[in-house]
Amino acid sequence: MSIMEYNGGSVIAMVGKDCVAIASDLRLGNQALSISSNFQKVFPVTDRIYVGLPGLGTDVTTLRERFRYRINMYTIKEEREIEPETFAHLVSSTLYEHRFGPYFIEPVIAGLSKTPSGGVKPLIAAADLIGCLNFAKDFVVAGTASTKLLGVAEGLWEPDLEPEDLFETISQTLLNSVDRDAFSGWGAVVHVITKDSIISRTLKGRMD
Amino acid sequence: METSFALTGKGYVIVAADTTAARSIVKMKVDEDKIKEISPHLLMAYSGEPGDTVQFAEFVERNIRLYQIRNLYPLRPSAAASWIRRSLADSLRSRSPYSVNLLVGGYDTATHEPKLYWIDYLGTQVDVPFGAHGYGSYFALSLLDRYHDPEASLEEGLATLKRCVDEVAKRLVVSPGRYKVKVVDKDGVREVEI
């Protein structure tokens, strides 16, 4: 019995053309017994950043509260919103603070950072449970279905997808991957972050 | 073995818990009340390690009461559940963690909605339409998937609860004999017979 697989759940993030997408399943279980089919693991950080927290259920809530506090403090002190890259390092240091008694969460970060020319640059990152960051150019995965997600994403993802195409790609990747994982599934939620809007959709999945 | 159920309906939450206090293979008591009325519109069913359960439940009860005395209004169900979860999550990473599982059911007098939270000893909290703890959950949850109706009247809700109780009595090897059932709605908390 692994503590990372105790509650189940998976998250994936993908890069598109001037947009990013992050998606997760909605299951919360106790090993093989499903408790809830509406457990959110992806949370907004700012208008342009989302964070996904797959792993142990108690730490999902604890870390969400912790990040909310640290982001609020950052916003007040700096008088501006945090940039995705800075947030990734904040996540990393928060996790490494607990190096020898970690939170059992592997966070996934998706955001758009501002460029000097006034445009946006997509950024996605994933970390392990002690905060080792991985900035990827294409997609990042985490959770109990991570192995399956990696394979399907490898097959479906292509560079420079427009928001609606990216939505389709990430949704199909997630839905098909969680169907091969007993600990993930029971519906999904997808967020696509673009320059001037966020598209959030809840998807129905197989309930078996 | 210890079992508790809870389900929401139209304007109410029903919380039920068995009444046996067992130690090893012996039933010590058959009329133990394991559902605490922690504020005028809030119920909490607790189960887990004997000793921890009552200690933690009383700790929660007194703190919720203290909040009400200080602020002249009680915590709403979501806030109370969050506070209770945080207490358990902090306790988990302390030297002596509480091992207590909870079902927190309440009626939110501000939004006029029934609320139910499933919380385990790790501090996992989830907002559910129905929930269960203990061995009974393996039978009750699938039954509730089929029969639960969030728009059901109190009579229908109690009938659904009866189905759960009967199923556990029928299929579980060491099933509890009696249950205490409490309801919380706009009028507050009361005990009912099934």
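First the proteins, then the strands, lettered A, B, ... as listed; each starts at 1. Here the structure is a predicted model, which is why all the values come from computation and not from measurement.
If you check the side chains of A:T62 and B:R85, you find a donor sitting under 3.5 Å from an acceptor.
The ring-ring contact (aromatic ring centres under 6.0 Å, His included) search around B:H133 returns B:W118, not counting sequence neighbours. For B:D187, the side chain to side chain contact (heavy atoms under 4.5 Å, CB included) partners two or more places apart in sequence, or in a different chain, are B:D185.
Surrounding OH of B:Y138 are at most 12 heavy atoms belonging to other residues, nucleotides or ligands under 6.0 Å away. No more than 12 heavy-atom neighbours from other residues, nucleotides or ligands sit within 6.0 angstrom of NZ on A:K77. Remark: A:R206 CZ is loosely packed, at most 12 non-hydrogen atoms of other residues, nucleotides or ligands lying under 6.0 Å away. Counting heavy atoms of neighbouring residues, nucleotides and ligands inside a 6.0 Å radius, atom CD of A:E78 exceeds 12 of them. Remark: B:R190 CZ is packed, more than 12 non-hydrogen atoms of other residues, nucleotides or ligands lying under 6.0 Å away.
Nearest heavy-atom pair, B:L141 versus A:S34, reported as atom, atom and distance to 0.1 Å: CD1-O, 3.9 Å.
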query = Does the pair B:D120 and A:N30 meet the rule for a side chain to side chain contact (heavy atoms under 4.5 Å, CB included), with working shown?
reply = CA-CA 10 Å; B:D120 75 1; A:N30 251 203; 4.1 Å; yes
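If you measure heavy-atom distances from B:L122 to chain A, the contacts under 4.5 Å come from both the backbone and the side chain. Interface residue A:I35: backbone and side-chain heavy atoms are both found under 4.5 Å from chain B. Only the side chain of A:E65 comes within contact range of chain B, with heavy atoms under 4.5 Å apart.
Put simply, OG on A:S36 and OH on B:Y117 are 12.0 Å apart, with the number rounded to the nearest 0.5 Å. Summarising the geometry, atom OH belonging to A:Y103 is positioned 6.0 Å from atom CZ belonging to B:R93; distances are rounded to the nearest 0.5 Å.
By number of non-hydrogen pairs under 4.5 angstrom with chain B, the leading residue of A:N7, A:D59, A:N38, A:V60 is A:D59.
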